Amino acid sequence: QVQLVESGGGLVQAGDSLRLSCVASGSTGSIYHMAWFQQAPGKEREFVAAVTWSGGSTNYADSKKGRFTISRDNTKNTVYLQMNSLKLEDTAIYYCAAASRAYYRISYDPAGEYAYNYWGQGTQVTVSS
């Protein structure tokens, strides 16, 4: 089992930056892939960014490319989401997700919710004008 705890959310103004953190605990040696998803009010959860735990290969949603950066620190069992030039439409609950090696399949799309078998509780990010 893997537990995920997000932090770093808050209320910021448009154009500001924010860094989210997700600390993994438990069977962290089993983690293969980690990602961030967002869920805006009244909308479905959608993909933001993903990173492989070992090699650091990344994927981003088109709407976040150039503004958001995902990274991981294996020594701290932590994945980060650096968010710059925040926009009103970035307002959402941000969820951290992890996929274990036993669960993940190479054919999975890292942007799909189904690709992850562990989820955090989420952290709220609110961007005001």
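Being a predicted model, the structure only gives us computed values, none of them experimental.
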Would you say [X] and [Y] make side-chain contact, with heavy atoms under 4.5 Å?
X    : Y    : result
F68  : N84  : no
S21  : E6   : no
L20  : W36  : yes
V2   : I31  : yes
L88  : S129 : yes
T126 : V12  : no
Q13  : V127 : no
L18  : L86  : yes

Distance-only, no hydrogens or angles: does the [X] side chain make a donor-acceptor pair with backbone N or O of [Y] under 3.5 Å?
X    : Y    : answer
T123 : G9   : yes
T52  : S57  : yes
Y108 : G112 : no
R45  : Q39  : no
R105 : A115 : no

Item to complete: Kindly say whether the aromatic ring centers of F37 and Y95 come within a distance under 6.0 Å.
Response: no
Considering all heavy atoms, the nearest [X]-[Y] contact:
X   : Y   : answer
M34 : C96 : CE-SG, 3.5 Å
Y60 : A49 : CD2-CB, 3.6 Å
S85 : S17 : N-OG, 4.2 Å
D73 : Y80 : CB-CE1, 4.0 Å

Nearest-0.5 Å distance, [atom1] of residue [X] to [atom2] of residue [Y]:
X    : Y    : atom1 : atom2 : value
I93  : Q124 : CD1   : CD    : 5.0 Å
D109 : N59  : CG    : CG    : 8.0 Å
D90  : S63  : CG    : OG    : 7.5 Å
S30  : Y118 : OG    : OH    : 5.5 Å

*Would you check, one step at a time, whether the test side chain to side chain contact (heavy atoms under 4.5 Å, CB included) holds for V5 with Q121?*
CA-CA 7 Å; V5 178; Q121 294 300 306; over 6 Å; no
Do [X] and [Y] share a hydrophobic cluster (ILVMFWY, side-chain heavy atoms under 4.5 Å, transitive)?
X    : Y    : value
Y104 : Y114 : yes
F47  : V79  : no
Y116 : I106 : no

Discussion item. Quick check with a 6.0 Å cut-off and a 45 degree axis cone: is R101 positioned over the face of Y32's six-membered ring?
Written reply: no
Is a donor from one side chain sitting under 3.5 angstrom from an acceptor on the other, for K64 and Q38?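 Q38 and K64 do have a side-chain donor-acceptor pair below 3.5 Å.
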Report task. Establish, from distance only, whether the side-chain atoms of S100 and N117 form a donor-acceptor pair under 3.5 Å. Result -> yes
**Study point:** Ionic contact status for K65 with D62, cut-off 4.0 Å
**Key:**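 Answer for the salt bridge query: yes.
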**Item:** Residue pair S128, L11: steps toward the side chain to side chain contact (heavy atoms under 4.5 Å, CB included) verdict
**Value:** CA-CA 7 Å; S128 65; L11 173 63; 4.2 Å; yes
